[in-house]
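Worksheet: the structure to be examined is printed underneath.
Ligands are counted one by one from 1 in listed order, and the atoms in each one are counted from 1 as well. Below, all heavy atoms of this structure are taken into account, side chains as well, without hydrogens, waters or symmetry copies.
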Amino acid sequence: MKKNVLILGSGGREHAIALKVSQSELLGQLFVMPGNPGTMDIAFQLPGDLSDHEMVKSNILGFDIDIVICGPEVPLSEGLMDSILNTDWAYKPILVGPCREGARLESSKAFSKEFMKRHQIPTAAYQTFSKDQENEALEFISKMSVPVVIKASGLAAGKGVVICLDHASAKKELREMFQGKFGESSETIVIEEFLSGIEFSVFILTNGNQYVLLPEAKDYKRIGVGDQGPNTGGMGAVSPVPFLDESLLKKVKDQIIHTTLNGLKKDNIPYKGFIFFGLINVNGDPFVIEYNCRLGDPETEVILPRLKNDLIELIIQMEEERLDHVEIELDSRTAVTIMLVSKGYPDQYEKGKEILLPPDIPEDSCLFYAGTKLEDQLLKTNGGRVISVTSLAATMQSALSKSLKLADEIKYEGKYYRNDIGFDLGA
Ligand code: AMP
Ligand code: GLY
């Protein structure tokens, strides 16, 4: 039977999910709330704010939605899935995304670090401090070797982590965070040891008991070429990650994925949806830097184009506890995405610049819209991250070249992008 699907969110990630779902033979009708100009051609747009749980629920009921996929973390951490599950309906839609408790893996670093410690999941040594423990926290910093990593415990749009090269700057950062640099999110702080290695990300779809491994990715968070400057939501991504060989992958599965799922079970935390493991390879051993309770942006823009399985079918298999028998099939080519952003991002930037797109997009490339809007029939910038340009090719270098060519052909005032995505992965 065909399924009506509702995707929640409005970024490049949600556009990539919508495109993948639109290719499913099992799709009835596709809805996106609120969506963006990129999802308009493939889905019905439902305006509204995801913090309005009643409106999300009335859309589910009104449009006979069978599957709800939540893209971003904030609605999950605010308990949107709990609200839907707790509604007394004659039928229950399949929900892809955890309830509030499961979302704490991402929304509270204090919680996730404690979880990892409890279940012996490899992660950096740390200690958590609340606002009223400033003196203890300062003392703890003095005893640590540098660099010191200071993290706001709550959600901070990827900006709540600061790596401090000396004790004085670590103490200054700590004070600023406790004084409200990230609002409530930095009322509790995690101070942890700095791990040296190369980062990569692994994604699963799980029902808490079984899982399938999706393609891995490496993202590039810093604004500047050569990984310089402040962190952003993500400036580009590559999949696959060449150094993720069989031996490292086995360690990831045994030491991290299995222990995490067992930990959730032991703690009685139900979990259905995606888990994004932000990992670091320290001399051949994987450590968890962070969990996310959703797919990444722009990682989704490289992992879904490589996934050959039908996404709706995978979600049904998740719901029906049939993931153990699923074979994941991948496009063997490399996918590279480049994020085009607004000048000034991740700080202040202007919006409303008209975007001109090239007339033809090659078959093995795709534009995923992020911060964009339609105004008077014109496509305009409407956010820091504007468009993600993905290409697939036999080598990373040729995929990058294709995306760079398209990135150059897209025109708007203040366009900026990194031209070195994948620079540290070899040709
Ligand atoms: P997070 O939001 O926890 O993923 O942290 C953001 C970024 O900070 C990560 O992608 C890493 O580049 C860096 N980072 C976080 N924790 C550590 C750590 N313990 N050691 C080294 N780098 C870290
Ligand atoms: N690109 C990192 C994230 O989605 O959190």
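Of the polar atoms of Glu290, none of the N or O atoms is found under 3.5 Å from an N or O of ligand 2, judged by distance alone. Residue Arg13 places no N or O, backbone or side chain, under 3.5 Å from any N or O of ligand 2. Where the criterion is an N or O separation shorter than 3.5 Å, residue side chain and backbone included, Asp219 meets it with respect to ligand 2. Considering backbone and side-chain N/O of Gly233, one or more are found under 3.5 Å from N/O of ligand 2.
Residues Ile275 and Tyr211 form no side-chain contact, since every pair of their non-hydrogen atoms from C-beta on lies 4.5 Å or further apart. For the pair Met116/Val288, a side-chain contact is recorded, criterion being any heavy-atom separation below 4.5 Å from C-beta on. For the pair Gln228 and Arg222, the minimum side-chain heavy-atom distance is 4.5 Å or more. For the pair Phe274 and Val96, the minimum side-chain heavy-atom distance is below 4.5 Å.
In this structure, Tyr345 has its ring center at least 6.0 angstrom away from the ring center of Tyr416.
One finds no salt bridge joining Asp245 and Lys250 here, because no Lys/Arg side-chain nitrogen approaches an Asp/Glu carboxylate oxygen to under 4.0 Å.
Donor-acceptor pairing under 3.5 Å is recorded for the side chains of His119 and Asp267.
Between the side chain of Thr39 and the backbone N or O of Ala43, no donor-acceptor pair lies under 3.5 Å.
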Give every pair made of an N or O atom of ligand 1 and a protein N or O atom lying under 3.5 Å apart, one pair per line with both atom names and the distance to 0.1 Å, or write 'none'.
residue: ligand 1; atom: 2 (O); partner: Lys109; partner atom: NZ; Å: 3.4
residue: ligand 1; atom: 2 (O); partner: Glu290; partner atom: OE1; Å: 3.4
residue: ligand 1; atom: 3 (O); partner: Lys109; partner atom: NZ; Å: 3.1
residue: ligand 1; atom: 3 (O); partner: Lys151; partner atom: NZ; Å: 3.2
residue: ligand 1; atom: 4 (O); partner: Glu290; partner atom: OE1; Å: 3.2
residue: ligand 1; atom: 4 (O); partner: Glu290; partner atom: OE2; Å: 3.1
residue: ligand 1; atom: 10 (O); partner: Glu199; partner atom: OE1; Å: 2.6
residue: ligand 1; atom: 10 (O); partner: Lys221; partner atom: NZ; Å: 3.0
residue: ligand 1; atom: 12 (O); partner: Glu199; partner atom: OE1; Å: 3.3
residue: ligand 1; atom: 12 (O); partner: Glu199; partner atom: OE2; Å: 2.4
residue: ligand 1; atom: 16 (N); partner: Lys151; partner atom: NZ; Å: 3.0
residue: ligand 1; atom: 16 (N); partner: Glu192; partner atom: OE2; Å: 3.4
residue: ligand 1; atom: 19 (N); partner: Glu192; partner atom: OE2; Å: 2.7
residue: ligand 1; atom: 19 (N); partner: Glu193; partner atom: O; Å: 2.9
residue: ligand 1; atom: 20 (N); partner: Leu195; partner atom: N; Å: 2.8

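Remark: distances from the non-hydrogen atoms of Arg294 to ligand 2 include one below 4.0 Å.
Within the listing of ligand 2, atoms 4 (O) sit less than 4.0 angstrom from a heavy atom of Gly296. Which parts of ligand 2 touch Glu299 is read off a 4.0 Å heavy-atom cut-off, strictly below it: atoms 1 (N), 2 (C), 4 (O).
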Exercise. Test side chain to side chain contact (heavy atoms under 4.5 Å, CB included) on Thr188 and Phe129 and set out the steps.
Key: CA-CA 6 Å; Thr188 300; Phe129 297 92; over 6 Å; no
